[in-house]
Asks: 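Here's a structure for you.
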Amino acid sequence: MTIDWTRELLEQFTWQWDTHLRPRLEGLTDAEYRWEPVDGCWSIRPRAEATTPMAVGAGDHVMDYAFPEPSPAPVTTIAWRIGHLLVGVLGQRNASYFGGPPTDYPTFDYPAGAQDALNQLDVMVARWVAGVQSLTPADLEKPCGEDGFESSTMAALVLHIHREMLHHGAEIALLRDLFTWRGQPAIRP
């Protein structure tokens with residue numbers, strides 16, 4: 001039996017994205033997008049309201065950031081998590097491998113609202129899926145050459161990006177659940 005590894009890699013992500021993750025983002029409001037469940041959250045915020053000394057971004061809104069990251073790591077908002085997906089997970093990889101525009105944290109124009117963020121995420125996911133779909137078996141076996149992944153194959157990098165999308169997508173879904181249930185009494189049997 002011949003295995004179509006490109007199809008297998010794509011289905012690992014697209015089934016989750018189409019069936020679970022993207023539907024869970026429908027109806028995301030600006031209030032949810034910016035909601036800070038605890039004090040000291042990192043978020044995407046107007047430049048003048050940045051809470052970290054190394055906040056990054058080229059536009060009117062910046063992403064809270066520090067290096068090294070504090071320990072314990074701060075809780076992040078949905079806005080921050082989507083910003084991370086847009087830049088560090090998809091944007092940089094789309095730029096490196098699939099003809100996307102150059103993308104990095106300091107020069108990215110972070111979306112102020114939920115709908116703009118989702119629109120950008122949809123574009124980046126579509127580019128990623130089309131890019132992975134274009135990979136041949138030989139492409140998947142080649143070293144990807146990315147810093148930190150120098151000895152990894154392109155297939156390993158694709159799997160890593162899919163894990164990141166699933167991981168952060170689950171965090172976003174949980175934050176939406178917590179937002180919905182904030183201030184509600186606990187349900188006890």
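Atom set for the values below is all heavy atoms of this structure, side chains included, hydrogens, waters and symmetry mates excluded.
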Asks: Report the residues that fulfil side-chain contact (heavy atoms from CB on, under 4.5 Å) with Leu25, sequence neighbours left out, ordered by chain and then residue number.
Replies: Trp17, Arg22, Leu118, Leu121, Ile172
Asks: Search all heavy atoms of Ile78 against all heavy atoms of Arg176 and return the closest pair with its distance.
Replies: CD1-CG, 3.7 Å
Asks: Write out all pairs satisfying side chain to side chain donor-acceptor pair (under 3.5 Å) with one or both partners inside residues 56-67, taking only residues at least two apart or from two chains.
Replies: Arg45-Asp64, Thr51-Asp64
Asks: Do the non-hydrogen side-chain atoms of Phe13 and Val125 ever get within less than 4.5 Å of each other?
Replies: yes
Asks: Locate the shortest heavy-atom distance separating Gly131 from Ser134; write the atom from each residue and the value.
Replies: O-OG, 2.6 Å
Asks: Could you tell me if the side chain of Ile82 sits less than 4.5 Å from the side chain of Leu28, heavy atoms only?
Replies: yes
Asks: Without hydrogens or angle criteria, can the side chains of Asp139 and Thr136 be said to hold a donor-acceptor pair below 3.5 Å?
Replies: yes
Asks: Is there a continuous path of hydrophobic side-chain contacts, each under 4.5 Å between heavy atoms, that joins Val132 to Trp15?
Replies: no
Asks: Please answer: with hydrophobic residues joined when any side-chain heavy atoms are less than 4.5 Å apart, are Tyr33 and Val123 in the same cluster?
Replies: no
Asks: Asn119 and Gln115: side-chain donor and acceptor closer than 3.5 Å?
Replies: yes
Asks: Would you mind listing every ring-ring contact (aromatic ring centres under 6.0 Å, His included) that reaches into residues 167-189, with sequence neighbours excluded?
Replies: Trp35-Phe179, His84-His168
Asks: Please tell me whether Val75 and Leu178 are part of a single hydrophobic cluster in this structure, the criterion being side-chain heavy atoms less than 4.5 Å apart.
Replies: no
Asks: Hydrophobic clustering (ILVMFWY, side-chain heavy atoms < 4.5 Å, transitive) - are Trp80 and Phe67 grouped together?
Replies: yes
Asks: Where do Ala173 and Arg24 come nearest, in terms of heavy atoms and distance?
Replies: O-NH2, 2.8 Å
Asks: Which residue, Met165, His162, Arg163, Arg81, forms the side-chain contact (heavy atoms from CB on, under 4.5 Å) with Val89?
Replies: Met165
Asks: So which atom in Gly59 and which in Arg47 form the shortest heavy-atom distance, rounded to 0.1 Å?
Replies: O-NH2, 2.7 Å
Asks: For Asp4, look at atom CG and say whether over 12 heavy atoms of other residues, nucleotides or ligands are found less than 6.0 Å away.
Replies: yes
Asks: Would you check if the side chain of Glu32 reaches a backbone N or O of Thr29 as a donor-acceptor pair within less than 3.5 Å?
Replies: yes
